[in-house]
Every structure is written in C-alpha cells, then in structure tokens.
Amino acid sequence: MNSPSALPEHLFRLMIEQNSVGIVLTDREGLILHVNPRQLKASGYTLDEVVGKNPRIFSAGETPAKLYEEMWTTILAGNIWHGDIINQRKNGETYRELVRISPIRDDVGEITHFFAIKEENLEGNVTNLLGGSLATVDPLTGLPNRAMLLNRVHATIQDAQAAGQQGSGFAMLVVDLDRFRTINDAYGHLAGDELLRRVAARLKEAVRQTDTVARTDGNEFCLLLLGDPSQTLLEDLARRLLSAIATPVEVRDQHLSVTASIGIARFPLDTRDAETLLQRAFSAMGAVKSSGGDGLRFYVPQAEQQALEFTDLTEGLRDVVQRNELILHYQPRVDLKTGNIVGLEALVRWQHPRYGMIAPGRFIPVAEETGLIVNLSQWVIRAALEQQRAWRKESDTLLPVGVNLSLRHFRSGDLPNFIEQALAETGLPANCLELEISESTMMRDPTQAFVMVDRIRALGVRLALDDFGTGLSSLSYLSRLTVDAVKIDQTFVRDLTSNPTNASIVAAIIAMAHKLGKRTVAVGVETEGQALQLRRHDCDEMQGYYFSRPLPPDEVAALFLTNRNLALKGEEEAETSRTLLLVDDEPNILNSLKRLLRRDGYRVLTAGSGAEALELLAANSVQVIVSDHRMPEMSGVDLLSRARDLYPHTRRIILSGYSDIGTLTEAINRGAVWKFISKPWEDEALKLEIKAAFEGRA
Ligand code: C2E
Ligand code: MG
C-alpha cells in the first residue's frame, strides 16, 4: 500500500476543495488560513473575507462562551473536540453546524494548526454524520454534557481502533451523588446548584487535563480517563474522588456534605461499545447505591454478578433467622360481597444489611435450591402464629392468616408434627392458619400430595391451592384434593377486563371451584374494574393493591381494627339502564359528543383509549358504546370485538371515515360492530341511531 505521502499533492488539494463537508484550517492561535468552497458557500463569505480572521467573529452570540472555553481547553490539550455551534451567514441568518476539530502536530509533536470539519445541522437536533447533538455543554457547571461525552467516547474508540490494542484502553467512571435530593429539599435549589458546581470543580482538579469530566444528569457526573489506567490506579483515583466529594463545602454559611457512589467500566475489557460502556459503569454504580452508597465498584458481568449474589445470599441465608433479619408483611383478603377484611396473607421479606429490603422472589428460590428453606419456612409459620397471638391479646379479632409453604417443607414428612407443635406452643385454634400450596408444588408428586394434604387437614388447618391456573392440574385431580380455597393466579386477573379468553378462564375456574365446594380468591386485583368483574363472576374474595399492598403488622392491624371496608359500588348503581360509553382519542370530539348527548338524559361515560374503555366497561353496566375507529394502540374495531366477547349484550356503534370501510364491513359481518356512522356525523341522525340502540331497534 502507498504511504499517504506518496499521494500527489494536487489530489490532496482536490480532496479538500471538492469535499462535501465544510473544511476550515486555522493556525495555533485560531486565525483562519484556509476555508474550502463548501464551507464558503454555506457561510456566504469569499475566501478573502475570512482569511486571517478568527472564526469566532462569524458565529452568532448564541453559542455559549463556555462552549468555546471548553473547545479550546480540549484542543490545546491535544484532543479532538466535537460539538454544535450556532454560526452566522454573511446575510445575518443563523444556522447550526456540527463541528469536529482535530489538532495537527509537527514532527516533534507540537501542535501547529487546527483542522475543522463542519456540517450544517439541518435536523437541528439529532445526531448525524459527526455524532453531535444540539447543546453540548451543561450550562450550570460548564462541563460537557452527555451528548458530548458520548461523542468523545466514540472518537476515543475510533482512535483506539486505529492505534491498535497497545495502550489504547480507557475507563469510564460514573459518579452519582447520594441522596442529593435531600440537600435540595433542605437547603434549596440554589445551594444544590452551588454544591454541584463545587463538586464539578473538585472532579476536574482530581484528573488530568486530557481526561474528560462531564455532567450527564442532575446529580450524575461521568469521567472518561485515557491512557489505559490499571485497576489499582482506578481504585486509588476513585477513593480520592470519594474523599474530595465528601469534604464539606461551605455554601451560604452552611456546611454541606455529600457522599457519592462510583461505578467503573473499562474499554476494551468490559465492552467495545460506547453506549454499553456507559451503561455498565452505570450498573456498577447502581450496585453501590443499592448497598447503601458511598463506595466504588467495578463492573462485573451479569452471570458473574449473579454467581456472586447467589453465594452472597446463600451465605446470608445460613443464619438469617438467628440474625433476626426476616420480617413478615401482611396483605388483607377482602370479601367481594360485603367488602370486609376476612383474612390475611403473610409475605416474608429479608432486610439484608447490604442489599436492603429483598423481595421473596429473589431469595426464596436460593433458599429452596440450597435446602435452607425449611428453617426459613418454619420461622415464617411460628412468626405468623406469634403475631396472631399478639393481636388477639389486643382485641378479639382473629383473622385466619395464610402462609406460603415451600416445596421442600411440604415434602418433608415432618411438616404435620411441626405444625401441631407450633399451634400447641401458641395455644391458637388450628383454623386460624391457612397453608398456601402452589399448584405446581402439588403437581410435582400428586400421590404424595394427596397423603400430605389429608394429614394437614386432619389437624384442622385450612388449605389453599395457590397460583391456580398455571400448574396444569386436571379437573379430576382438583375434585379429589381436599383444599378449602383456590387462589386464582395474578396472570389471569391482570388482563381480566381486556382479554376475553382470560375472562372466560376466570369465570370457568370460579364456577368449577364452587361446584366442588371450594372458596375462590383472586390475587393481584389492581383496579375497580377487575374487582367488579370478579364480583359479577361470583368470586368470593380478592387480594390486591386495589384494596391494600402488603403492610407491616401495625399498619395492617390499623386497617382491620378500624373495620376498613372495600366500598365497591352497589350492584344497582353499576346496573343503571341508560349508560352510554363514548370512546375517542381526541378530547375535542369526546367533548362535543358528550355535550350533544347528555341532553338526551343518558348517563355518559367517556374514554380516551381502548384500554380505558375496557376498564369502564368492567366497572359499569353499559348498554351502548360509540367508538372512534382510528385510535393508537387499540383500534375501534379491536375494542368492539373484545367488547362483543366480554359483554355480548352491548350495542356497539363505530364512528369512522369512509376510508376504513373495508375493515368496518368485515367487522360488521363478524358481528363485532352493530352500526357504522360516518364521520363527520349529522347531530340529529346520530342522536336517533343512539336512541334506537338503547331501545334495541335496528
Ligand atoms: P404469592 O403467594 O402468589 O403472593 C402474592 C404476591 O403478589 C405477593 O408478592 C404480593 O405482594 C403480590 N401482590 C399482591 N397484590 C398485588 C397486586 O395488586 N399487584 C401486583 N403486581 N402484585 C400483587 P411477594 O410478597 O413478592 O411474594 C411473591 C411470592 O413469594 C409469593 O407469591 C409466594 O409464592 C412467595 N413467598 C412469599 N412469602 C413466602 C414465604 O414466607 N414462604 C415461602 N415459601 N414463599 C413465600
Ligand atoms: Mg400466596
């Protein structure tokens, strides 16, 4: 291959002169030596008019002065600078341009010139050829922002790739101030801003000029450190940063102090991609935060992280009971007919000294896998009974408490004896305990499950089949299982009001359970619509955020001791006979329809989307639906098809333009849509159609 110097000089010239991006060459002081035709055309000046001038006199005053400072510091330190600036044409018109300036060095490495390539930023804001974005400097601290940081990382990666592997690695540090909001709240935003400026200055002081310190978010800074720093060096630096940040700052006669969480990721060790690198440094920072902040961590790959966490949790679980780190929260179960609290479910949480509060989904599987679960499960049963005894001392109320049983505990032959003993120790009646066993646990070994269920039942303890619907048990199996209750899994409840198939499954489970003499409890009820729909299907009880989240013992006691009740609207109220539902994503149309139709004496409900409409349909008895067709996410035809399956007696009218006639004809033929009314509508004709729909006339 020819070396670049073998390229004839006139070709160099043509490359510059005919280039499709603007090119400007300046001396070390920034005075213009040459501008190519492309750039002259963009600016409207002639070459004579610009040579010997400083490019800055051509730019509009709108480019922040800090940006220029930033630019000069960067290029004088020998780095490439990218950014957006606001330039001015000769005719006074301003325009945005994306600029990339590289220093040019002589044989001994001295910077002699600067070479800028420029491109008009026609989109005004998006990243393009040069990877720039509108604002590149954070106005508060004068530091580069996230966009500029990413540009630098991209450029550094390009340079590294061009230079080969040796010595071209770099590191990214995310520095996030801990609990910064409390400073803002306690001392005001001005003090918060001042503190951020001071932290910015301390970070800049701690690194070399060639490194980049950026402010990437409210209280988050990122450092790009060049020169392939070693792990020890990074660790030292991060510690220095932590102590620099933690040194109190005097702001308006107050001594403010903050700590920080630092996450570190390295190129090319952790990834070769700019965004991923930032993300990984960020996730390492998150790990510091979740263990209480004020520290540093290097990125470790997820599999490794999981392995570490698994070992960590296993270690911690070994004596979790002795260390008193487990607690129980309680979630009320509510009767759907009376609205009264009729029971509680005990849900375990682990207050981990480093990870904070851990949900059971994270540690129960680890405990199950390592066999540590039996000990834990025994603790839960004892603690739930102890709590009941304490409540009973305070009042006469004794609500049955559900406790989830683990697979291993259920299969250990010792379980019935243990329960008998625990009940005897607390002196409580057996029926105050309801053991919840998941359908999949039962199905692991059905024969053994029958035996165990009968032994537990013989003690007088209640039993519920948990997560029902997910474990593939057969009807004959269920009929032989002597459980008291069936808990319908959240996955069916979640889209009960929008998914006709799941709605049918829930209805079938309830009917079947009732035929077999079992109570039904729906888990994960989050909306009024779901609760009313369940009541309509005759479900006995519900549990879910709509009534209450799982709560610490004293908070849940406050609910049941004051007889807190779920006030669902009465059947009569929900069943008014002249309810009209209007659906359109345009508020103006909804308003004008509402105004038009309210005078006719209907109870008018309105929804801005299909999902909202389905929720209203579940919570109210609606006779007529008038829906727009073209709506984002769920079209009118889709909504009305679901409404037909869920509420076959509704009369469904669609309002739409003629261009949708194909889809509509098909929907009408399938019976999803009863009438099509074209948009724009005639007021009187629409009123007559709706009246006819309520009267059941075609
Ligand atoms: P589960 O027995 O199905 O418990 C219900 C879960 O649903 C609880 O999660 C509860 O917080 C959550 N939940 C309740 N209402 C709503 C709602 O409206 N929306 C949503 N999105 N979620 C709701 P949690 O406490 O994280 O427990 C998860 C699972 O961990 C439990 O599922 C149970 O299988 C297991 N578990 C909890 N405590 C214990 C225990 O003491 N021992 C054993 N072996 N397993 C436990
Ligand atoms: Mg449960």
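As the structure lists them, so they are numbered: ligands from 1, and atoms in each ligand from 1. Just so it is clear, the values below take in all heavy atoms, side chains as well, and ignore hydrogens, waters and symmetry mates.
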Note: R549, heavy atoms under 4.0 Å from ligand 1, region reported as neither

Residue, atom and distance of the protein heavy atom nearest atom 46 (C) of ligand 1 read N404 CB, 3.7 Å

If you compare Q490, R408, R362, Q543 by their heavy atoms, the one closest to atom 12 (C) of ligand 1 turns out to be Q490

* Would K289 and D176 pass as an ion pair if we require N to O under 4.0 Å? -> yes

When you measure from the Mg ion (ligand 2) to the N, O or S atoms of S438, does any of those distances fall below 2.8 Å? no

Any heavy atom of K487 under 4.0 Å from ligand 1? The part involved is neither

Looking at D466, the N, O or S atom sitting nearest the Mg ion (ligand 2) is OD2

heavy-atom search around atom 16 (C) of ligand 1 in the protein gives Y545 CE2, 3.2 Å

Counting heavy atoms under 4.0 Å, the part of V380 that contacts ligand 1 is side chain

The answer for which part of H329 has a heavy atom under 4.0 Å from ligand 1 is neither

With heavy atoms and a 4.0 Å threshold, my read on which part of D466 contacts ligand 1 is side chain

Within 4.0 Å of some non-hydrogen atom of V525, the atoms of ligand 1 are 18 (O)

Atom 9 (O) of ligand 1 protein-contacted (non-hydrogen atom, under 4.0 angstrom):
no

Taken to the nearest 0.5 Å, the spacing of L639 CG from R652 CZ works out to 10.0 Å

the protein heavy atom lying closest to atom 5 (C) of ligand 1 turns out to be V523 CG1, 4.1 Å

Of all protein heavy atoms, the one nearest atom 39 (C) of ligand 1 is V348 CG1, 3.6 Å

Taking only non-hydrogen atoms of E526 and a 4.0 Å limit, the atoms of ligand 1 in range are 17 (C), 18 (O), 19 (N), 20 (C), 21 (N)

Paired with D540, the side-chain hydrogen bond (donor to acceptor under 3.5 Å, both in side chains) test is passed by just one of R519, H514, K337, namely H514

Under 4.0 Å between heavy atoms, the region of I364 that gets near ligand 1 turns out to be side chain

Atoms of ligand 1 under 4.0 Å from any heavy atom of P360, numbered from 1 in the order shown, are 24 (P), 25 (O), 26 (O), 27 (O), 28 (C), 30 (O), 36 (N), 37 (C)

For atom 3 (O) of ligand 1, the closest protein heavy atom turns out to be D467 OD1, 3.5 Å

### Flag: protein heavy atom within less than 4.0 Å of atom 26 (O) of ligand 1
yes

Within 4.0 Å of some non-hydrogen atom of S406, the atoms of ligand 1 are 44 (N)

among protein heavy atoms, the one nearest atom 31 (C) of ligand 1 is L347 CD2, 4.2 Å

min-distance N/O/S atom, E436 vs the Mg ion (ligand 2), resolves to OE1

If you scan protein heavy atoms around atom 11 (O) of ligand 1, the nearest is P550 CG, 3.3 Å

Polar contacts were defined as any N/O atom of the residue lying under 3.5 Å from an N/O atom of the ligand; does this apply to L405 and ligand 1?
no

min-distance N/O/S atom, E345 vs the Mg ion (ligand 2), resolves to OE2

Ligand 1 to G524, heavy atom cutoff 4.0 Å, flagged ligand atoms 15 (N), 16 (C), 17 (C), 18 (O)

protein heavy-atom neighbour closest to atom 15 (N) of ligand 1 works out as Q331 NE2, 2.9 Å

